[in-house]
Amino acid sequence: MQSESSTFKKVFRRVLPAKVDQPQPAHLNPALSQPIGGAGDTAMSAIETSLAALSAASALAAKVPFISPVAGLLLQALTMRGEVKQHKEEWDVVMVKLEQVADLVDNVGTLCEKYNLEEKDLPSGLQGIFQSLKTELDGIKSALKQSKEMGSFKQVLLRKDLLQKVKQYDGMLSNVLQRFQFTLALDARFAQLADQKGHRVTQGVPPGLSGSSDITMLVSRMFTLDCILMLRRLMPRGPRSPQIFFGRDSELSEIIHMIFTHVNSRPARIAILGPGGYGKTTLANAVLTHQRVQEHFGDARYFVACESVFSAGALVIELAKTLGLLDMATDASWSRICSVLDAKDCVVCLDNFESPWDQDGDMRCSVEELLSRIAELRRTTLLITMRGTVRPAQTQWTSPLLHPLVTLDRDASRRVWEHATNCYDSFAEELINAVDYVPLAVSLLAHLAQATSAELLLKEWNEKRTKFVYTSQTNKQSNLDYSIQLSIDSGRMRANPSAKDMLGVLSMLPDGIHMKQMDKFKKILCNIDMLSGLCTLQECSLIGVVGERYQTHPIICDFCDHHDLISCEHKNVLRDFYIKLASTRSSKAHASSYAEMVLEVNNTKVILVDVLKSDFQGHSELAQAVCTFIMFHSSIGDHSDNLIS
């Protein structure tokens, strides 16, 4: 068997640059000497010749046919880098990921030769990953060619769409690497289960393993573990210092103080809470990469991504993987986890902890119990991030408790914007105010402003609201709508239908529901469990209490308005209530009725405007309500003619 000097590796490396940032000279790599397309037919021919040499050099293409076309497309994409004219910075990020994928394909080919494996011997999910990768690489090659064509008027018009494609491919390549890792981890887990049933595997073929199925299982597992080791070299590990970090200095200082106040006694247990898109993960990374934290904990700083973890068992595996203990069985992993975490002072961050925690009944209890066991370790500082306002039970959190994150202030939002683009003007100012200075919204809009003016973005916002604020479709960090939808579809929301009903009701009322009006709304919304619904909405950080009013966060209200979250039944109930209230003559109203009219004045105005824009049939009733309400409005000092207009 051949190893690192395999024919596959030699041929692949002959046509693939060792580093994308430093292309090989043309005399070493003819494919890089000329552009692709048109006059670049020679370059295409050179690549095809190299791929033919790849196929002829070994029998790999026959044994594992899905690797060769992926390798060819990677070569073509990477050799086009120097010709890109549009969005070069964004393409550079994609090219780094492409290089990682190229190393991955290279290593898979080498390992296939090393263990003399055929397609049927590989993990079952691997072929699907390579097939989907081929499809996406076809798209990348097409987009790269599009990025070469700078001059045409059509390309100028389509540059925003092209930028969106580039960002989409960046996310796709990250997903490929993650899926590859997950597939191999799952395959390793099945191998562990096979071990527990008596097929113990050592470094070589153990005595008694003479059956072909046993040897196939052995070789397949050795391939899987080698791939996992290779992925650990390719994939970035540990916390990453945030490149954009504005407006959270006070929270960062507070957390650092809490950590080092308790580090020599009882290590801190800190929960970073808040709505989605408010920068919880960014703050956690800033903590883990803070100079004092780096100096004290060294390499014992562990960032555990929990977004795809939905049980205590899966959390143990994810933690073990982060600590480098992926090859252990689940029960053995916990004892090894304890040994590693007790060996020296360390800090563990469980990011997006709502994913495993936000479950029903016993599953939540088991996750909370596991969290408490981690919190009991005497040398482990514990940090979690999660959506909402409620901390998991069974853990003694360090006092004083960290308040949930709020939106940024105006200056911090402006700095976020200016970090992405120099075009900050009055339209940008109005736009970041419109999105209520929510960090994710400001960051995404600033990114969009690199290709589209803030004036046009503001027009888009006024028409589409949250729907257009994205740089990729299905990633909560790059799609505002998707991030909000995750909160609305959370386990707690799904378990309480009244919560979603109340969210729809509150989205129609800019002033929300005053606590003095609770009894009144309980009567008119009799089929909703209001208190339970409001409690769940607060737990999920979808509403807050402002003064004495339950109010939806403005950006959540914008989302609800454009997704028709309220039912027709509840909309009609609200319309009837406010039309009746608007029809009350203030001069003849009782003191309690007058007080109610004052409390509900803004809500009444918005509902009347909404009814005027609808197909409401009671024209005379509506006209009377509007006229009466305008007189009341004038009596309290507001002489606006909006309703009459």
Side-chain angles (χ1 to χ4, degrees), residues 84-94 139-140 143 146-147 150 153-174 242-247 275-279 281-282 407-408 410-486 553-556 558-559 561-563:
V84 170
K85 296 179 180 178
Q86 298 187 55
H87 312 304
K88 292 180 70 69
E89 292 184 4
E90 287 79 9
W91 273 120
D92 283 345
V93 175
V94 173
I140 288 177
Q146 196 177 351
S147 293
M150 185 67 175
F153 180 67
K154 180 180 179 182
Q155 287 299 322
V156 174
L157 292 177
L158 295 178
R159 65 182 184 274
K160 179 182 175 182
D161 291 337
L162 179 59
L163 180 61
Q164 298 294 343
K165 285 183 182 178
V166 177
K167 296 181 182 303
Q168 181 179 343
Y169 290 132
D170 177 38
M172 178 278 301
L173 290 172
S174 296
Q243 299 300 304
I244 303 175
F245 187 74
F246 302 111
Y278 275 46
T281 299
T282 301
T407 57
L408 298 176
R410 175 181 170 277
D411 289 339
S413 296
R414 176 170 182 163
R415 292 170 69 191
V416 170
W417 185 284
E418 290 177 336
H419 182 85
T421 175
N422 293 325
C423 303
Y424 188 87
D425 53 22
S426 60
F427 296 107
E429 177 80 26
E430 188 174 349
L431 195 55
I432 63 174
N433 180 62
V435 298
D436 197 37
Y437 307 114
V438 170
L440 177 62
V442 173
S443 178
L444 292 176
L445 287 169
H447 208 81
L448 293 174
Q450 295 178 37
T452 307
S453 71
E455 182 179 5
L456 289 177
L457 289 176
L458 183 60
K459 290 180 180 178
E460 284 280 279
W461 169 261
N462 290 332
E463 292 177 9
K464 301 178 182 177
R465 300 295 179 177
T466 58
K467 281 186 176 181
F468 90 101
V469 186
Y470 65 86
T471 57
S472 73
Q473 289 291 347
T474 54
N475 185 318
K476 68 178 184 179
Q477 294 179 336
S478 54
N479 188 316
L480 183 60
D481 245 29
Y482 186 72
S483 177
I484 295 171
Q485 191 68 57
L486 284 177
H553 296 306
I555 206 161
I556 303 296
D558 290 322
F559 174 91
D561 285 346
H562 281 70
H563 288 79

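Values in this document were obtained by computation on a predicted structure and should not be read as measured data.
Between Thr471 atom OG1 and Gln477 atom CD the span is 10.0 Å, to the nearest 0.5 Å. One finds the OG atom of Ser453 at 8.0 Å from the NZ atom of Lys459 (value rounded to the nearest 0.5 Å). Here the straight-line distance linking atom CD1 of Ile484 with atom CD1 of Ile556 works out to 4.5 Å at 0.5 Å rounding. Distance check: Leu456 CG to Leu448 CG gives 12.0 Å after rounding to the nearest 0.5 Å. Interatomic distance, Asp558 CG to Lys464 NZ, rounded to the nearest 0.5 Å: 15.0 Å. To the nearest 0.5 Å, the span separating NE2 on His562 from CD on Glu463 amounts to 9.0 Å.
When every heavy atom of Gln450 is checked against every heavy atom of Thr421, the shortest pair comes out as CG-CB, 4.3 Å. When every heavy atom of Ser483 is checked against every heavy atom of Gly276, the shortest pair comes out as OG-C, 4.0 Å. Among all heavy-atom pairs drawn from Leu431 and Ala454, the shortest one is CD2-O, 4.4 Å. Nearest heavy atoms, Pro439 versus Tyr278: CG-O, 3.7 Å. Of all heavy-atom pairs between His447 and Ala420, the closest is N-CB, 4.3 Å. Looking at every heavy atom in both residues, Tyr482 comes nearest to Asn479 through N-OD1, 3.0 Å.
Classification of the Tyr424-Trp417 ring pair by plane angle, with boundaries at 30° and 60°, yields perpendicular.
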Run the side chain to side chain contact (heavy atoms under 4.5 Å, CB included) test on Leu457 and Phe468 for me, step by step, so that the C-alpha distance in whole Å, both residues' side-chain angles and the decisive distance to 0.1 Å come before the verdict. CA-CA 9 Å; Leu457 289 176; Phe468 90 101; 3.7 Å; yes
Please lay out, stage by stage, how Phe559 and Gln485 fare under the test side chain to side chain contact (heavy atoms under 4.5 Å, CB included). CA-CA 9 Å; Phe559 174 91; Gln485 191 68 57; 3.0 Å; yes
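A donor-acceptor contact shorter than 3.5 Å is absent between the side chain of His419 and the backbone of Ser443.
Among Val442, Val438, Leu445, the one residue that satisfies the side chain to side chain contact (heavy atoms under 4.5 Å, CB included) test with Ile432 is Val442.
The shortest side-chain heavy-atom distance between Leu480 and Ile555 falls under the 4.5 Å cut-off. Val469 places a side-chain heavy atom less than 4.5 Å from the side chain of Trp461.
Side-chain polar atoms of Asp481 and His563 form a donor-acceptor pair below 3.5 angstrom.
Ion pairing between a basic and an acidic side chain is recognised when a charged N comes within 4.0 Å of a carboxylate O; Arg410 and Glu429 show such pairing.
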